[in-house]
Asker: 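I have a structure here, written as structure tokens, and I will follow up with some questions on it.
Counting starts at 1 for both ligands and their atoms, in listed order. Atom set for the values below is all heavy atoms of this structure, side chains included, hydrogens, waters and symmetry mates excluded.
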Amino acid sequence: MPKSTEWAVEAHGLVKVFGDNRAVDGVDLSVRTGTVYGVLGPNGAGKTTTIRMLATLLKPDGGDATIFGHDIRREPQIVRQLIGVTGQYASVDETLSATENLVLFSRLNGLSRADSRRKSAELLEEFGLTEAAKRPLKNFSGGMRRRLDLAASLISQPPLIFLDEPTTGLDPRTRSQMWDTIRRLVATGSTVLLTTQYLDEADQLADRIAVIDRGIVVAEGTATELKNSVGSASLLLKLADAANLQRARLAILDVLGVESVLTPEAGRITAPMSDPDTVTDLLLRLREEGIAVAELSVQQPTLDEVFLALTGHSATEEEAADAAKAAAAGGPERELEDAR
Ligand SMILES: Nc1ncnc2c1ncn2[C@@H]1O[C@H](COP(=O)(O)OP(=O)(O)OP(=O)(O)O)[C@@H](O)[C@H]1O
Ligand SMILES: [Mg+2]
């Protein structure tokens with residue numbers, strides 16, 4: 001039975017050290033019951049390690065946490081009854097078919113034989129797995145496994161569900177299907193803590209977001225708060241000829257007085273803007289210099305830009321090296337006051 005109904009997760013100063021690697025280095029998290037909480041960070045940030053500690057699968061080296069008021073160290077068996085972790089399910093039985101797995105899982109959750117069959121058929125239909133229902137799990141693709149995994153979590157539907165990168169590597173249609181399912185889980189009473197490397201995913205699903213980088217929470221708040229912390233508007237510029245990128249960045253620095261950023265998509269630049277009116281001046285300057293523009297927009301900052309502003313490096317791996325260099329050269333560093 002949940003002891004605390006207000007907070008699904010309360011963690012203070014969680015630490016996990018592997019050798020001399022402080023994988024999680026003092027993480028605080030508060031997840032309100034009935035919400036989706038997003039933990040956003042690049043590869044190796046410490047997301048999975050944090051979830052494993054909260055799910056009692058890994059012993060913390062420091063700090064403490066409660067799940068619905070139950071201490072993860074002192075009451076692990078109660079905590080385990082209140083949570084579901086995706087990824088567990090796939091290891092049930094590789095030789096059984098999708099249907100057999102779901103039926104087995106339903107039976108383990110106390111459903112009758114008839115109810116188990118009905119529930120399994122319904123879920124397979126909903127997740128577009130009906131055709132593959134008779135195939136053994138070992139022949140499933142990564143995307144099919146994830147869908148089956150999430151389907152299984154709908155059977156037991158524990159009060160708190162940990163989803164570790166539920167949509168990494170999925171095609172866009174399957175992703176939005178997963179998003180719908182996650183929303184449904186919350187609409188029907190579950191609390192979801194999900195990790196993601198996708199900024200738009202956190203933006204779409206999460207009520208609150210913690211941005212985690214190298215084992216540390218570097219920012220926490222709603223998507224809007226995080227975006228506001230970066231600036232009111234963001235300029236997105238795409239050049240007709242990528243060869244002009246550096247010259248365009250110089251023009252931006254000169255006219256707008258801000259450093260711009262190359263996005264992972266080739267030939268695009270973004271820059272923070274305080275006054276959208278200055279865009280006219282910039283366009284005139286670019287024309288003077290003979291730099292043709294293919295696309296230009298002024299929008300709310302993306303979470304990608306938020307990440308960059310908060311950590312001094314992009315959320316994408318490729319740019320991590322550049323970021324390290326920028327940091328060594330005294331790159332941008334930003335303090336965000338705790339939004340709580
Ligand atoms: N069992 C382990 N033994 C040693 N080091 C580990 C172990 N698990 C994780 N690490 C290290 O801890 C750090 C954080 O890893 P973690 O898996 O938590 O990151 P993540 O944010 O989940 O990354 P990803 O997005 O790639 O899944 C990494 O440097 C990783 O190499
Ligand atoms: Mg991980």
Asker: With heavy atoms of N21 as the reference, note each atom of ligand 1 found under 4.0 Å away.
Answerer: 11 (C), 12 (O), 13 (C), 28 (C), 29 (O)

Asker: With side chains defined as the heavy atoms from C-beta onward, is the minimum distance between K47 and Q197 less than 4.5 Å?
Answerer: yes

Asker: Students should be able to answer this: which protein heavy-atom is nearest to atom 16 (P) of ligand 1, and at what distance?
Answerer: T49 OG1, 3.5 Å

Asker: Have a look at Q197, R214, E165, K47 and point out the one with the heavy atom closest to atom 27 (O) of ligand 1.
Answerer: E165

Asker: If you count the non-hydrogen atoms of other residues, nucleotides and ligands that lie under 6.0 Å from CD in E131, is the total more than 12?
Answerer: no

Asker: Of all the atoms in ligand 1, which lie at a distance below 4.0 Å from a heavy atom belonging to T48?
Answerer: 17 (O), 18 (O), 20 (P), 22 (O), 27 (O)

Asker: Search all heavy atoms of R32 against all heavy atoms of T191 and return the closest pair with its distance.
Answerer: O-CG2, 3.7 Å

Asker: So, is G41 polar-close to ligand 1, with some N/O to N/O distance under 3.5 Å?
Answerer: no

Asker: Is it the case that ligand 1 has an N or O less than 3.5 angstrom from some N or O of T50?
Answerer: no

Asker: To the nearest 0.1 Å, how far is atom 9 (C) of ligand 1 from its closest protein heavy atom, and which atom is that?
Answerer: F18 CE1, 3.5 Å

Asker: Mark up the atoms of ligand 1 that fall under 4.0 Å of a heavy atom belonging to P42, in ascending order.
Answerer: 21 (O), 25 (O)

Asker: Using side-chain heavy atoms (C-beta onward) and a distance below 4.5 Å, is V24 in contact with V15?
Answerer: no

Asker: Return the closest protein heavy atom for atom 26 (O) of ligand 1 as residue, atom name and distance.
Answerer: N43 ND2, 2.8 Å

Asker: Using distance alone, determine whether G44 and ligand 1 share an N or O pair under 3.5 Å.
Answerer: yes

Asker: Under 6.0 Å from the ring centre and within 45 degrees of the ring axis: does the NZ or CZ of R175 meet both conditions for the six-membered ring of Y198?
Answerer: yes

Asker: Going by heavy atoms in the side chains, are D254 and R285 under 4.5 Å from each other?
Answerer: yes

Asker: Is R183 paired with D180 through a side-chain N to carboxylate O contact shorter than 4.0 Å?
Answerer: yes

Asker: Could an N or O of ligand 1 be found under 3.5 Å from any N or O of A45, whether backbone or side chain?
Answerer: yes

Asker: Is any N, O or S atom of T48 under 2.8 Å away from the Mg ion (ligand 2)?
Answerer: yes

Asker: I'd like to check I67 versus V9 (side-chain heavy atoms, cut-off strictly below 4.5 Å). Are they in contact?
Answerer: yes

Asker: Suppose I only count heavy atoms of A23 and a 4.0 Å limit; which atoms of ligand 1 are within that range?
Answerer: 12 (O), 13 (C), 14 (C)

Asker: Please indicate whether R117 has more than 12 foreign heavy atoms, meaning atoms of other residues, nucleotides or ligands, lying under 6.0 Å from its CZ.
Answerer: no

